[in-house]
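None of these values were measured; they are calculated from a predicted model. Throughout, residue positions are numbered sequentially from 1 according to the sequence presented.
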Amino acid sequence: MAVERYHQTLPRPHTEQDPVQGTRKASRVVGLKKFETLVYLMLFALIAAVAVYVLSLKMEAYSLQTEKTQVESEIAVMEGEIGELKTEVADLASYDRIYAKANELGLDLDNGNVKVAEKYGKD
């Protein structure tokens with residue numbers, strides 16, 4: 001048989017030396033409810049989707065900018081070629097060259113048959 005001991009604790013009388021114990025608030029960890037968790041997850045998903053959308057717009061703008069630069073460089077090359085061709089046309093259409101070609105072909109210059117034609121339109 002085991003002997004059990006019981007201790008009875010009596011309340012101590014309150015003395016001035018004992019510190020007064022005030023009310024103690026229980027610390028409680030604030031938990032998230034299901035609705036709040038859902039709202040936070042949706043907010044996070046929305047922010048992530050907007051970030052992806054903005055990045056895709058930036059990439060599209062970058063690709064369009066590179067394409068624009070490439071087209072502008074092609075335009076510059078074509079304008080250079082056009083300038084060279086205009087110079088060649090002006091050289092080929094000069095009076096001295098036409099006169100030299102006419103002499104090579106055996107044609108004579110008769111001032112009575114020469115007519116001046118104005119160019120239609122402007123350059």
Side-chain angles (χ1 to χ4, degrees):
M1 294 178 112
V3 177
E4 296 179 5
R5 256 187 211 192
Y6 291 101
H7 290 288
Q8 183 178 7
T9 58
L10 298 172
R12 292 189 338 199
H14 182 65
T15 61
E16 300 260 340
Q17 293 174 349
D18 290 340
V20 178
Q21 293 182 358
T23 59
R24 199 170 165 198
K25 294 183 180 179
S27 62
R28 184 175 73 126
V29 176
V30 178
L32 295 176
K33 295 183 174 67
K34 288 181 183 179
F35 179 73
E36 290 172 339
T37 306
L38 180 65
V39 168
Y40 288 136
L41 286 176
M42 289 178 64
L43 183 63
F44 179 74
L46 179 67
I47 290 172
V50 168
V52 168
Y53 180 70
V54 167
L55 288 175
S56 69
L57 287 179
K58 291 277 187 186
M59 287 301 297
E60 186 177 347
Y62 178 75
S63 66
L64 290 176
Q65 183 68 26
T66 55
E67 185 178 337
K68 176 187 169 194
T69 305
Q70 182 181 8
V71 168
E72 286 176 350
S73 66
E74 289 176 7
I75 288 172
V77 168
M78 291 293 180
E79 285 178 348
E81 290 178 6
I82 289 171
E84 291 175 5
L85 291 174
K86 281 184 179 181
T87 304
E88 187 177 345
V89 166
D91 184 46
L92 292 175
S94 70
Y95 176 77
D96 294 334
R97 184 187 168 279
I98 293 173
Y99 186 70
K101 283 291 186 178
N103 282 338
E104 284 179 15
L105 295 174
L107 299 172
D108 292 337
L109 178 63
D110 184 10
N111 286 336
N113 290 337
V114 175
K115 294 183 181 178
V116 177
E118 293 184 21
K119 202 175 203 183
Y120 178 75
K122 296 181 180 179
D123 287 336

> Does the side-chain contact (heavy atoms from CB on, under 4.5 Å) test come out yes or no for Ser94 and Arg97, once each step is laid out?
Replying inline: CA-CA 6 Å; Ser94 70; Arg97 184 187 168 279; 3.4 Å; yes
Rounded to the nearest 0.5 Å, what separation is found between the [atom1] atom of [X] and the [atom2] atom of [Y]?
X	Y	atom1	atom2	answer
Lys58	Tyr62	NZ	OH	13.5 Å
Glu67	Glu60	CD	CD	10.5 Å
Leu57	Leu64	CG	CG	10.5 Å
Leu38	Lys33	CG	NZ	14.5 Å

Go through the structure and list residues passing side chain to side chain contact (heavy atoms under 4.5 Å, CB included) with [X], not counting sequence neighbours.
X	answer
Gln65	Lys68, Thr69
Ile75	Val71, Glu79
Phe44	none
Thr37	Leu32, Leu41

>> Apply the hydrophobic cluster definition, ILVMFWY joined by side-chain contacts under 4.5 Å directly or through others, and give me every member besides Ile47.
In response: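 Answer for Ile47: Leu43.
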Going by atom type alone, with no hydrogens or angles, which donor-acceptor pairs under 3.5 Å involve a side-chain atom of residues 98-106 and a protein atom two or more places apart or on another chain?
none

